[in-house]
Protein chains: 2
Amino acid sequence: MAANAPRRQPTLDEVAEHAGVSRSVASRALNNAPHVSRAKREAVERAVRQLGYVPNSTARALATRQTGAAALVVSGEDPSIFADPFFARVIVGASAALEEADLHLMLCLAASDRGRKRVAELLRSRGADGVMLMALREDDPLTRMAEEARMPVVFGGRPVGSVPRWYVDVDNVGGARAATEHMVSRGRTRVAAICGRLDTEAGRARYRGYRDGMLAAGLEPLPPWEGDFTEPSGAAAMAALLARHPDVDGVFAASDNMAAGALRTLRTAGRRVPADVAVVGFDDLAVAQIADPPLTTVQQPIEALGREMARMLLALVDGQDPTALLLPTRLVVRSSA
Amino acid sequence: MAANAPRRQPTLDEVAEHAGVSRSVASRALNNAPHVSRAKREAVERAVRQLGYVPNSTARALATRQTGAAALVVSGEDPSIFADPFFARVIVGASAALEEADLHLMLCLAASDRGRKRVAELLRSRGADGVMLMALREDDPLTRMAEEARMPVVFGGRPVGSVPRWYVDVDNVGGARAATEHMVSRGRTRVAAICGRLDTEAGRARYRGYRDGMLAAGLEPLPPWEGDFTEPSGAAAMAALLARHPDVDGVFAASDNMAAGALRTLRTAGRRVPADVAVVGFDDLAVAQIADPPLTTVQQPIEALGREMARMLLALVDGQDPTALLLPTRLVVRSSA
DNA sequence: TCGGGGACTGGGAGCGCTCCCACTGGAAGC
DNA sequence: GCTTCCAGTGGGAGCGCTCCCAGTCCCCGA
């Protein structure tokens, strides 16, 4: 501002005048629309270059009723939930896909009431062309807002208790089941599950997968030991678990962070991993490789999740009717199980 | 879209008509401007409620020449650089500060040429009210773009080779020096530094701090062992370092991730930490607490960095002239040194 | 030769909002 | 009593772009 050239931006009218054409022609030339003679097209291009013209995106947005931006809304009561590298990777994927369509990415952390109110307004004020919604928990007010939105909405993961028309999710059940079966097939019989928050669909689905895996093997599933996906909660859950079931020989943790916490507790408790207790995580974040021992874990395609959400949104904005997507997960075997 | 009410959004004109006032009065009422009688103000509020009116942000932006959005641009040749939790935390801070001023956050990952071109356009098309720029390396084309921007620009960290007028940085030199002095004061004499990329200012400044600390103690600083801030690069650098200087008894790593990598290498090499080799990291990310042993590290106020960048930008947008900021770092002593 | 397409062209009407300004009328000042 | 002032009001002109549409011109077939 203070430091920058205060000279006004040239407008399309000025470009047109400078090129000796009408505003309409200049507009068409700029947008590569037909019905512009070669000579005038070049004249416009020259004028654009000479004047350093850049179209005003706001004016264009008003005229076309398209903002050129998509919003990614991350819900959660604690803003630090977002500091999870998971979201960063979703963003990388979404950003790449949006870039191809020349859309900008708006990020909304709906952690406070204020934040949620702003999201509600965004959803109705046409401040974006569409919205990607993530991390909805039970009774999340955003779920209802989304229904009233005046723009396409894509869910990342399914909200608890409802199946939206358009979502991209990851095969949580299948992954958790594969993790459980892996341990069972290695002879573990007393396998427990440290779950993520059970007011999220991911948390529930992963527990369901664990239970399915146990039942399929004819074993008795244990009730969930609930954490909140973080390392400390995993450590705490593991401690509680050990106290209650000292003979546990396998643990499925619904996140790598919780698995890392479990590892820590097991180490201080003098249990060897995987000799005494096998541990499988979920996510395949960087921490899984760094952990000691390196974690066997369920890999989920996080960037792809973001990318596919963005693509689905793009299709929706484009008037198409894409179908919901369930992305596969796969077990990555390392040393912990 | 397909699923949503296709009923057009009510406009301000309709609100005005419904409330029996002029558009001007309705506009003033909406913006809490003076010169509106109490009666009409209430009439407008009622109409807004009944019609479910939400102002069209694009139209407002066009009229006011303010977009209501600030952009955070993260530069880097590899999009995955952004997956670093560091940026996520910067975003949390920036987002919170912007929320107070009711600005939206646009995120631009300028990793590809395409991405950089889009940023350049954003900077000139008035697509945002201001920009926060991060992670500029030597000769980053974004540095020049920023100079030509038609909007306020705040730097997060200083770019290599130039000191912009408005930036928020962290006391890298002081932190690195404190880390080094901590080890030296504990009797370590053969302290090495595993540096971050030396084409970033943070990488250089942290090495400088290490060197200062060594020189101040009358010790000979070693040349930098360069990594790229990631865990594997730290492990590799540590291996090289051990090969060249088997008698090293202290390591300052310019990031926690590299410190974690160093820890891993030391463990496999059979060196005890901190008994044989002391290790200090930088950042104080979650990994520092989880590491085994927990890392002594230089804490930098990451959320505050984001917050202060946003506040500075806000001040700039507001026509003020804030001064550049250097945020303090502090040593957090745990077990690794 | 004449009418009928196109390919071009540019005027003008928006998109939905803000804001300047001229205008009103009642309260305050002399 | 008559100015002076100002809160309150609404008309209208933008903000910078897109897009519809009427109009021009030229080429072709009949």
Side-chain angles (χ1 to χ4, degrees), chain A residues 7-44 47-48 51-69 102 121-122 124-129 150-151, chain B residues 7-44 47-48 51-69 102 121-122 124-129 150-151:
Chain A
R7 209 172 71 258
R8 241 186 65 269
Q9 283 273 37
T11 69
L12 186 56
D13 278 293
E14 288 163 331
V15 170
E17 191 185 345
H18 196 270
V21 304
S22 74
R23 187 168 14 93
S24 303
V25 170
S27 171
R28 262 175 261 143
L30 235 65
N31 295 302
N32 281 323
H35 302 304
V36 182
S37 65
R38 186 181 171 127
K40 304 219 162 182
R41 195 175 292 267
E42 283 168 359
V44 170
V48 164
L51 266 44
Y53 170 79
V54 179
N56 179 310
S57 46
T58 307
R60 176 175 285 177
L62 182 59
T64 59
R65 299 148 165 285
Q66 302 230 19
T67 63
D102 239 325
E121 232 157 65
L122 179 75
R124 308 185 53 218
S125 74
R126 300 246 24 130
D129 294 339
R150 317 241 187 183
M151 58 182 78
Chain B
R7 207 172 74 257
R8 240 186 65 269
Q9 284 273 36
T11 69
L12 186 56
D13 278 293
E14 288 162 332
V15 170
E17 191 184 346
H18 196 270
V21 304
S22 74
R23 187 168 15 91
S24 302
V25 169
S27 172
R28 261 174 262 143
L30 235 65
N31 294 302
N32 280 323
H35 303 304
V36 181
S37 66
R38 183 178 174 128
K40 303 220 162 180
R41 196 175 291 269
E42 283 168 359
V44 170
V48 163
L51 265 45
Y53 170 78
V54 178
N56 179 310
S57 47
T58 307
R60 176 175 285 177
L62 182 59
T64 59
R65 299 145 167 285
Q66 302 230 19
T67 63
D102 240 325
E121 233 157 64
L122 179 76
R124 307 185 54 216
S125 74
R126 300 246 25 132
D129 294 339
R150 317 240 187 185
M151 59 181 78

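Just so we're on the same page: letters track the sequence lines, and every chain starts at 1. Values reported hereafter were calculated over all heavy atoms of this structure, with side chains retained and with hydrogens, waters and symmetry mates removed.
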Taking every non-hydrogen atom, the tightest pair across [X] and [Y]:
X       : Y        : value
B:Ser57 : A:Gly127 : OG-CA, 3.4 Å
A:Gly52 : B:Arg124 : O-NH2, 3.0 Å
B:Ala16 : B:Ala26  : CB-CB, 4.0 Å
A:Thr67 : A:Ala61  : CA-CB, 4.0 Å
B:Arg41 : B:Arg28  : NH1-O, 4.5 Å
A:Val15 : A:Ala47  : O-CB, 3.7 Å

Approximate separation, where rounding is to 0.5 Å, of [X] [atom1] and [Y] [atom2]:
X       : Y        : atom1 : atom2 : result
B:Asn31 : B:Arg60  : CG    : CZ    : 5.0 Å
B:Gln9  : B:Glu14  : CD    : CD    : 10.0 Å
B:Thr64 : B:Asp129 : OG1   : CG    : 8.0 Å
B:Leu12 : B:Arg23  : CG    : CZ    : 7.0 Å

Go through residues 16-24 of chain B and report each residue with a non-hydrogen atom lying under 4.0 Å from DNA chain C, sorted by number.
->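 Contacting residues: B:Arg23, B:Ser24.
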Contact list for DNA chain C against residues 25-34 of chain A - heavy-atom distance below 4.0 Å |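 Going residue by residue through residues 25-34 of chain A, the ones with a heavy atom under 4.0 Å of DNA chain C turn out to be A:Val25, A:Arg28.
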First contact, last contact: which nucleotides of DNA chain C are these for chain A, 5' to 3', heavy-atom distance under 4.0 Å?
->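 Endpoints of the contacted stretch of DNA chain C: C:dA7 to C:dG16.
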Output one line per pair: protein atom, nucleotide atom from nucleotides 4-6 of chain D, and distance, for all N/O pairs under 3.5 Å.
none

Taking N or O atoms only and anything under 3.5 Å, show me the protein contacts with nucleotides 24-27 of chain D, one pair per line.
none

Give a yes or no answer on whether the side chain of A:Thr58 reaches the backbone of B:Thr58 with a donor-acceptor pair at less than 3.5 Å.
->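 Not a single qualifying donor-acceptor pair exists.
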Answer yes or no: is there a donor N or O on one side and an acceptor on the other, between the side chain of A:Arg65 and the main chain of A:Arg126, under 3.5 Å?
->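 Such a contact is absent between A:Arg65 side chain and A:Arg126 backbone.
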So, is B:Lys40 close to the D:dG8 phosphate, meaning a side-chain N or O under 4.0 Å from OP1 or OP2?
->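 For D:dG8, OP1/OP2 do not have a side-chain N/O of B:Lys40 under 4.0 Å.
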Where along residues 53-69 of chain B does a heavy atom fall under 4.0 Å from DNA chain D?
->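 Per residue number, the list reads B:Leu62, B:Ala63, B:Arg65.
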